Protein chains: 2
Amino acid sequence: MSKPLTKNQILVLDTLKAAPKPQTAYSLLEQLKEHGLKAPPQIYRALEKLLTLGLIHKLESINSFVACQHSDCAHQIAGFAICDGCDQVSEIIDDNLESQIRSVAKTAGLVPKKSTMEIHGLCRSCKGSEA
Amino acid sequence: MSKPLTKNQILVLDTLKAAPKPQTAYSLLEQLKEHGLKAPPQIYRALEKLLTLGLIHKLESINSFVACQHSDCAHQIAGFAICDGCDQVSEIIDDNLESQIRSVAKTAGLVPKKSTMEIHGLCRSCKGSEA
DNA sequence: CCCAAAGTGTTATAATATAACGTAAACAGT
DNA sequence: ACTGTTTACGTTATATTATAACACTTTGGG
């Protein structure tokens with residue numbers, strides 16, 4: 001019995017799903033002004049909710065948000081490969097990643113709750129077209 | 001033959017080394033006002049340089065900076081375990097982490113350049129004293 | 001029906017980061 | 001030493017990202 005998303009949450013989620021690359025809160029706001037949204041908190045609230053639902057992810061290293069690329073990955077642990085050339089992002093689910101995270105956490109004596117892994121570089125296409 | 005650090009770079013680095021937990025740029029500025037620093041760019045410039053030298057790390061998920069905990073961090077690849085209770089951070093060098101990152105990057109077809117892994121949770125001490 | 005929880009719209013402001021300008025110091029090559 | 005180049009400096013102003021606070025509305029359970 002999960003509650004349906006609200007209008008603003010749907011607007012934000014749909015915009016992220018349709019976007020070819022990560023969006024900042026303010027770029028979302030810009031796009032959603034035609035739908036009546038006017039102020040940052042409206043965006044940030046929707047984003048926060050979508051994050052807790054696991055429907056989107058925040059890329060901390062670029063202050064941007066992406067729709068989850070896996071239908072229901074609410075609690076999976078993902079890595080993100082970010083191309084600095086074209087901003088394309090791949091969300092990678094790797095079986096070893098979770099155990100890797102547990103290993104690092106254990107070394108530090110930390111009970112892990114939330115984690116991010118973000119890899120920056122150049123995708124094949126951008127690598128090929130370097131100056 | 002590495003160039004010596006400049007005055008501002010040393011001030012920022014020393015402050016980070018002495019700090020018990022990650023510092024934001026503005027908290028560094030606050031502390032360094034007594035040494036004559038006055039404006040954000042002075043801090044951000046020093047931070048940027050120290051980052052490229054591998055002497056400090058940025059924790060993207062909390063917009064904060066820490067001194068590298070390993071004498072000569074040629075290790076551009078580290079994992080960070082961050083306690084949300086007391087803000088203590090452990091920098092973990094794990095041999096598997098680099099190969100893990102390469103693996104994720106390869107899956108995405110990305111040539112990796114820079115990466116971050118940040119794990120949030122509670123350290124033993126904070127876990128024990130939960131309400 | 002009533003209450004509590006969650007969401008809304010709004011204004012204002014906090015926190016983080018960079019642009020742009022002119023000057024000065026460091027340094028390599030002649 | 002002189003030049004040009006690179007790097008750093010100090011400064012003012014501004015851009016970008018994110019939240020506080022308030023009053024109101026919607027939602028859904030008991």
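The structure presented is a predicted model; accordingly, all values stated were derived computationally and were not measured. Each chain gets a letter, A, B and so on, in the order the sequences are listed, and its residues count up from 1.
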Please report the distance, rounded to the nearest Å, between CG in Leu37(A) and P in dT11(C).
14 Å
Ring-base stacking, Tyr26(A) with dT17(D) (5.5 Å, 30° cut-offs)
yes
Between dT12(D) (P) and Leu29(B) (CG): distance, integer Å:
13 Å
How about Ser103(B) and Asp94(A): does a side-chain donor come under 3.5 Å of a side-chain acceptor?
yes
Measure from CD on Gln23(B) to P on dA15(C) and round the result to the nearest Å.
15 Å
What is the separation between atom NE2 on His35(A) and atom C1' on dT8(C), rounded to the nearest whole Å?
18 Å
What one should report as the nearest heavy-atom pair of Thr24(B) and Ser64(B) is CG2-OG, 3.6 Å
Looking at dA19(C), dA20(C), dC22(D), which one has an atom nearest to any side-chain atom of Arg45(A)?
dC22(D)
OP1 or OP2 of dT16(C) less than 4.0 angstrom from a side-chain nitrogen or oxygen of Asn63(A), does that happen here?
no
Regarding the side chain of Phe65(A), the nearest nucleotide among dT10(C), dA18(D), dG10(D) is dA18(D)
Testing dG9(C), dT16(C), dA17(C) for proximity to the side chain of Thr24(B), the answer is dT16(C)
Just compare dC9(D), dT8(C), dT11(D) and give me whichever is closest to any side-chain atom of Asn8(A).
dT8(C)
I'd like to know if the side chain of Glu91(B) and the backbone of Gln69(B) have a donor-acceptor N/O pair within less than 3.5 Å.
yes
dG10(D) phosphate, OP1 or OP2, under 4.0 Å from Gln42(B) side-chain N/O
yes
Residue whose nearest DNA chain C nucleotide is more 5′ - Ser27(B) or Ala46(A):
Ala46(A)
Should Lys7(B) be listed as having a side-chain N or O under 4.0 Å from OP1 or OP2 of dT7(D)?
no
Within this structure, what is the NZ-to-C1' distance between Lys33(A) and dG9(C), rounded to whole angstrom?
14 Å
Whole angstrom value for the distance that separates C1' of dT11(D) from CD1 of Ile43(B)
14 Å
Is the distance from the ring center of Phe65(B) to that of His57(B) below 6.0 Å?
no
Return the nearest nucleotide to the side chain of Pro41(B); candidates are dA18(D), dT16(C), dA19(C).
dA19(C)
Is the distance from OP1 or OP2 of dT8(C) to the nearest side-chain N or O of Lys49(A) less than 4.0 Å?
no
Rounded distance (Å) that lies between atom C1' of dT18(C) and atom CG of Leu51(B)
15 Å
Where the side chain of Pro40(A) is concerned, which of dG9(C), dA18(D), dT16(C) is the nearest nucleotide?
dA18(D)
How many whole angstroms separate atom CD of Glu60(A) from atom C1' of dT16(C)?
13 Å
Taking only side-chain N and O atoms of Thr6(B), does any of them lie within less than 4.0 angstrom of OP1 or OP2 on dC9(D)?
yes
Do you know which of Ile43(A), Val12(A), Thr15(A) makes side chain to side chain contact (heavy atoms under 4.5 Å, CB included) with Gln31(A)?
Thr15(A)
For the backbone of Leu37(B) and the side chain of Gln42(B), can you confirm whether one donor and one acceptor N or O come within less than 3.5 Å of each other?
no
